[in-house]
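Here the structure is laid out as structure tokens; the discussion comes afterwards.
Position 1 is the first residue of the sequence; numbering continues from there.
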Amino acid sequence: MALRAAAAALPDSLRAERESLDAALSSLVLSHTSTHISNFRCEADVRAAAAAADAGLPSLCTSLGSLAAGLEGGEAAARAAAGMHGRLMAALSQHNSHLQELLEAPALMDACCRGGMYDEALDVAEFATALFFTHRLWNAGAAAAAPGVGLIQLVVADVRKGAEELRDGVLAQLAGKVALPTAIRLLAVLRRLYTQQALARKRAAAAASAAAAAAAATSTPATTTRGGGGGGVGMLTAEDDYAILATLRAEFLVARDGWHRAELDAISPHNPVQYLLRVVEAQRSGWADVAHQYVAATSTLRASPDAPPAGGAASLPALAAADTLRARAQLAEWLRGRVAWFVSTLAATLPAVDDLAAVASLAAQCTYAARRSGRLGADYTHLVTPLFAAHVQSLLSRRLAAAVTCFGADLRAWSWAYKLGYEPEDAAVRTAPPDAAAPALAPPPALLRHIPLADLTNAAVALLNTLRPCLPADALPSLAAAFATLITAAAAAVEDAAAAEACPLTTLAAARARARGGSTPATQPRLSDDDAAALRRYDALASALGTEFGPYLMSLFHVVVATATHASTPAAAAAPAAAAADAPLAAAVAAARDRASAAAAAALRRAA
């Protein structure tokens, strides 16, 4: 029953629930009206967009087809690139050693130069030359058109730069202290290098000429012609080989000259005598070393027998003779330059040497060195002898002028005439026979009894003793003229002494002039005993000067003539010069004797 009642009441409850749900739904719809409107609009927009997309779908399908085709082409290109990469890697693996050798050529060249492996460095240079002709680098147009040649050009340029550095290094070694075997080896390196360079220039010129001729014949540009080395291969002729030998000799002399100059520059010039002596020794040994190395080293340089002469086989003897003369001329030119430098250095430094003993030593050393240079064909004795002769004459004139100036000053002072301890009028002195034990060149005793005259005589004798070892025969006339000037100046000094203020006659004349007014002749001032003795000594000095000093200087001059030497002339060659100078000297002696006698006589008359 209960179940029937529940089943009977079920429709009503369901109806009531539906009504409540409808009411709730209506309330919900009414409360969210704006949301439903927005949803409706969105749905409309979506439907419009879907319709537009549906309209563009055919064009999208067309684009996707094109994209698919492009992707297929990219895939084919990627497969081709991968294949090329594989082939390049295979080629690189196959030619790796050759590429490494090519790229390491400049570094290998530099390492060989630094390590002194010159033969290996020249092998690298030959390799670069082969690359130069293999890739036709002599033809700028063909080289620019060929692919991958830029790397070869850089390698060849670096190797050639290394070859120049090799040349500079070899020349720097030759400019230092180097032994003969090393010098010969370095010259061989330079010859091989120069031969390579000359041959490369000849081959390049021949190839360029052949390519130009082929282009002119076919009326096509030369750059379109392909080949290994171009048409024609240049060859070195005998003339080219001899030119290389001349260049080698010239550079060898320049390098060794640099070494010799460095040795000379290391000598200190502060002491002129020591500087000249060391320069003479350095140039004597240095010239011999350079000349001997030049002759020995260049004697190993011979023209290649495989080089054909341009003028035919008949011209070979003439080319060899011309090369021999050129080699001697190059050495002679170098020696001429060194002689000129030494002569100029000697002329500039010699005036600073005032010591006659040092001058004599320098003259002997320079003359010996000059004659030794005659073994090299460069005897320059005739150049240094006039320099020493002029310097000796200058020193002679200055020393004699100083001596006669001192002599005149002593005479004018008159203090010498009042010194006690000797009496020049002693008859034993005037008439004493010559001492057989005295030296042949000893001065007469009368000259030594007067202090000024003794000093003048000693100065002349000392000067001559120093000059005799270095006095050439050419300077004998100058020596005679200097002696004549000395004798004349000494006689003039004797005359001037009589008129000096310190002369007792001058003092007496002044005293008489002051007392002349009020004194009688008997009370006038007179000479004292000391003044009279001084005048007697003056008379004796004038007499000794006129009768002894001049003849003694003439005897000294004759002794010098007998021992005079010349660098290239025997002592007998001094006779003509002595004969030409003897007469003026004798005339000067006679004139001085007359002047001294007249001065003494005039002084005695004034004293009386």
Side-chain angles (χ1 to χ4, degrees), residues 84-85 87-115 117-167 188-237 240-241 243-244 304 306-308:
M84 178 63 69
H85 180 266
R87 289 192 297 272
L88 289 177
M89 291 300 295
L92 180 61
S93 176
Q94 181 181 359
H95 301 286
N96 182 45
S97 60
H98 298 289
L99 290 176
Q100 187 176 4
E101 180 182 359
L102 176 65
L103 296 177
E104 289 181 351
L108 182 60
M109 182 74 176
D110 182 70
C112 292
C113 293
R114 293 179 182 274
M117 296 182 293
Y118 299 128
D119 293 333
E120 291 77 3
L122 292 175
D123 292 339
V124 176
E126 286 185 353
F127 171 72
T129 302
L131 290 177
F132 180 82
F133 287 101
T134 301
H135 296 276
R136 297 172 55 86
L137 298 184
W138 51 268
N139 192 332
V149 178
L151 178 62
I152 305 299
Q153 289 178 327
L154 292 177
V155 170
V156 171
D158 289 343
V159 172
R160 287 187 171 182
K161 183 179 178 181
E164 292 300 322
E165 294 177 355
L166 167 66
R167 171 185 175 273
V189 171
L190 286 178
R191 180 177 185 181
R192 183 180 172 188
L193 175 62
Y194 292 167
T195 302
Q196 288 181 5
Q197 294 175 345
L199 183 58
R201 289 192 296 268
K202 294 273 289 188
R203 290 181 60 189
S209 300
T218 59
S219 300
T220 56
T223 56
T224 62
T225 303
R226 299 298 297 169
V233 177
M235 295 182 61
L236 290 183
T237 63
D240 298 330
D241 208 8
I244 292 175
S304 175
D306 299 332

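With sequence neighbours excluded, the residues forming a salt bridge (charged side-chain N to carboxylate O under 4.0 Å, His left out) with R167 are E251, listed by chain and number. Looking at residues two or more places apart in sequence or on another chain, you find a side chain to side chain contact (heavy atoms under 4.5 Å, CB included) between Q196 and L122, A125, E126, R192. Judged as a salt bridge (charged side-chain N to carboxylate O under 4.0 Å, His left out), and not counting sequence neighbours, the contacts of R114 are D110.
The shortest non-hydrogen separation linking Y118 to C113 is CE2-O, 4.1 Å. Across all non-hydrogen atoms, the minimal contact from A198 to I244 is CB-CD1, 4.0 Å. When all heavy atoms of V159 and A128 are compared, the closest pair comes out as CG1-CB, 3.4 Å. Residues A121 and L166 come closest through the heavy atom pair CB-CD2, 4.3 Å.
Side-chain contact between M109 and D158 is absent, with no heavy-atom pair separated by less than 4.5 Å.
The CG atom of D241 sits 7.0 Å away from atom CG of L236, with the distance rounded to the nearest 0.5 Å. The OG1 atom of T129 sits 8.5 Å away from the CD atom of Q197 when rounded to the nearest 0.5 Å.
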